[in-house]
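One structure is given here, and the rest of the page talks about it.
Below, read A as the first sequence line, B as the second, and so on, with proteins coming before strands; counting in each chain starts at 1.
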2 protein chains.
Amino acid sequence: MSASKNIKPTESELEILGVLWEKGAGTVREVHEILEKSKDAGYTTTLKLMQIMHEKGLLKRDTSSKTHVYEAAISKENTRQQLLNKMIDTVFNGSASQLVLQALGNHRSSQEELDKIKQYLDQIEQQQKK
Amino acid sequence: MSASKNIKPTESELEILGVLWEKGAGTVREVHEILEKSKDAGYTTTLKLMQIMHEKGLLKRDTSSKTHVYEAAISKENTRQQLLNKMIDTVFNGSASQLVLQALGNHRSSQEELDKIKQYLDQIEQQQKK
DNA sequence: ATTTGTTTACGAAAGTATTCGTAGTAAATA
DNA sequence: TATTTACTACGAATACTTTCGTAAACAAAT
C-alpha cells in the first residue's frame, strides 16, 4: 500500500488545485476571480466545488474567520506523479520513455529546457552505474 | 484549426481503444474477454460502450456479418498527443519539459530507453539550429 | 434599526459516464 | 422443427460531475 491515497481530482478540481498551488492559499472569492478569466461559471459553483474538495480531503480550510481560507491538502508533485503514472499505464502501455518521446515530439521546448533534460538524463545514468 | 477534432475519450473508452490499437480489430466478445482480465463488467456493458464509441466516431465497424467487427477510428499517436497536450496545459503549466522531468524522475527507464531519448534530443537540437 | 453586500450552506437540476436487464434476431444444434 | 446459443439493440437505472438558485448568517453602511 502506498503512502498517499489514490487521489483522482476531476477536471474542475484540478483547475482549483492549480490556482492554490500557485498562490499558496486563498478564499473562494480569490480563487473564483482567477478562474473566471479562463472559465465561465458562477461564484457558487466555485464555492460548491471547493466545499466538496474539502470533504474529499483535497483541500484544507481555516474557518476561524467568517470568510474561510482554503489551501491545497495534496502536493503538486505527488499529484502530478500520480496523474502521470496513470497516463503512462493506461495510454502509453506502461512505458515512461514512450511518453517522454511523444511529449518532446510536438511541444517544442526551448534550448534551455532541452539542456536541462539532457543534464538530468546524465544524472540518472550516473546513478544507475553505481 | 487542427486537422483532427477535439477528441476526448473517457476512461473506459481509452481501455477499449488500447485493446483495439494492440490487436488491430476485433469483435465485442474479443475485446470484452481481454478487458475482463483487468476489469469487472458485463458483456453488454462493453457492447454498449463500443456502440457509443461508434456513434461518436471513435470506432469504425463492419456490420456485413452478424457479428460486427470493430476497429479504432482514431490513431494511437494522435490520441496520445492530444491527451498529453491537455495534461501539459492543465497539470504542468504548459511546460512539456516539466512533464518530461517528472516522468523520468519516478518511473525508472532502461539504459536503452534513456539512450533513445538522448538521441532524440540531439536530433531536435539539430533541427532547431537550421 | 433597516438596508445592503458578502459569505456559507443546502438542495436540487442538468449533464455526462457507466452499468446492466430484457427483448428481439439470427445462426447452430438437437 | 424446436431448442439452445450468441449476438445486437434499446432503454433505463445508477453514479458521478458540474452548475446554480435560494436561504440563512453576518457585517458594514445608511
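Side-chain nitrogen and oxygen atoms of B/R61 include at least one within less than 4.0 Å of the OP1 or OP2 phosphate oxygen of D/dA9. For D/dC7, one of the phosphate oxygens OP1 or OP2 lies less than 4.0 angstrom from a side-chain nitrogen or oxygen of B/R29. Residue A/Y43 places none of its side-chain N or O atoms closer than 4.0 Å to OP1 or OP2 of C/dT6. For D/dT8, neither phosphate oxygen OP1 nor OP2 lies less than 4.0 angstrom from any side-chain nitrogen or oxygen of B/Q51.
Atom CG of A/L47 is separated from atom C1' of C/dG11 by 13 Å (rounded to the nearest Å). C/dG11 atom P lies 13 Å from atom CD1 of A/I52, rounded to whole Å. What separates CE of A/M50 from C1' of C/dC10 is a distance of 18 Å, to the nearest Å. Computed from coordinates, the A/E55 CD to C/dG11 P distance equals 12 Å when rounded to whole Å. Residue B/H68 contributes atom NE2, which lies 11 Å from atom P of C/dA27 at whole-angstrom precision. B/H32 has its NE2 atom 12 Å from the P atom of D/dT8, to the nearest Å. Atom OH in B/Y70 sits about 6 Å away from atom P in D/dT8, given to the nearest Å.
Every residue meeting the salt bridge (Lys or Arg N to Asp or Glu O under 4.0 Å) condition with A/K86, not counting sequence neighbours, appears here in chain and number order: B/E11.
Of the inter-residue distances, the one linking A/L84 atom CG with A/T79 atom OG1 reads 12.0 Å to the nearest 0.5 angstrom. Interatomic distance, CD of B/Q98 versus CD1 of A/I117, reported as 10.5 Å (0.5 Å rounding).
The minimum heavy-atom distance linking B/E30 with B/K23 is given by the pair OE1-NZ, 3.3 Å. The two residues B/G26 and B/L20 come nearest to each other via the heavy atoms N-CD2, 3.8 Å. B/I74 approaches B/W21 most closely through the heavy-atom pair O-NE1, 3.0 Å. Nearest heavy atom pair, residue A/L104 against residue B/Y120, reads CB-CE2, 3.9 Å.
Nearest to the side-chain atoms of A/T45 among the listed nucleotides C/dA17, C/dT8, D/dT19 stands D/dT19.
B/L58 is listed as a side-chain neighbour of B/E13, based on a closest heavy-atom distance under 4.5 Å. Between B/K116 and A/L101, the closest side-chain pair of non-hydrogen atoms falls below 4.5 Å. Proximity of B/Y70 to B/T27: side-chain heavy atoms (C-beta onward) are nowhere separated by under 4.5 Å.
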Would you be so kind as to tabulate the donor-acceptor pairs closer than 3.5 Å made by side chains of residues 37-50 of chain A, with sequence neighbours excluded?
residue, atom, partner, partner atom, Å
A/S38, OG, A/L35, O, 3.4
A/K39, NZ, A/E15, OE1, 3.3
A/T46, OG1, A/H32, ND1, 2.8

Below 3.5 Å is the cut-off: list the nitrogen or oxygen pairs between protein and nucleotides 12-14 of chain C, distance only.
none

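Hydrophobic clustering, with ILVMFWY side chains joined whenever heavy atoms are under 4.5 angstrom apart, groups A/I88 together with B/L14.
Side-chain contact annotation: A/S95 with A/N93, donor-acceptor N/O pair under 3.5 Å absent. With no hydrogens or angles considered, a side-chain donor-acceptor pair links A/Q81 and A/N85 at under 3.5 Å.
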Scoring nucleotides 22-30 of chain D by protein non-hydrogen atoms under 4.0 Å (B base, S sugar-phosphate only, - none) yields B--B-----
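Scanning residues 10-26 of chain A for heavy-atom distances under 4.0 Å to DNA chain D yields A/T10, A/E11, A/S12. Looking at residues 33-41 of chain A, you'll see A/K39, A/A41 sit with a heavy atom under 4.0 Å from some atom of DNA chain D.
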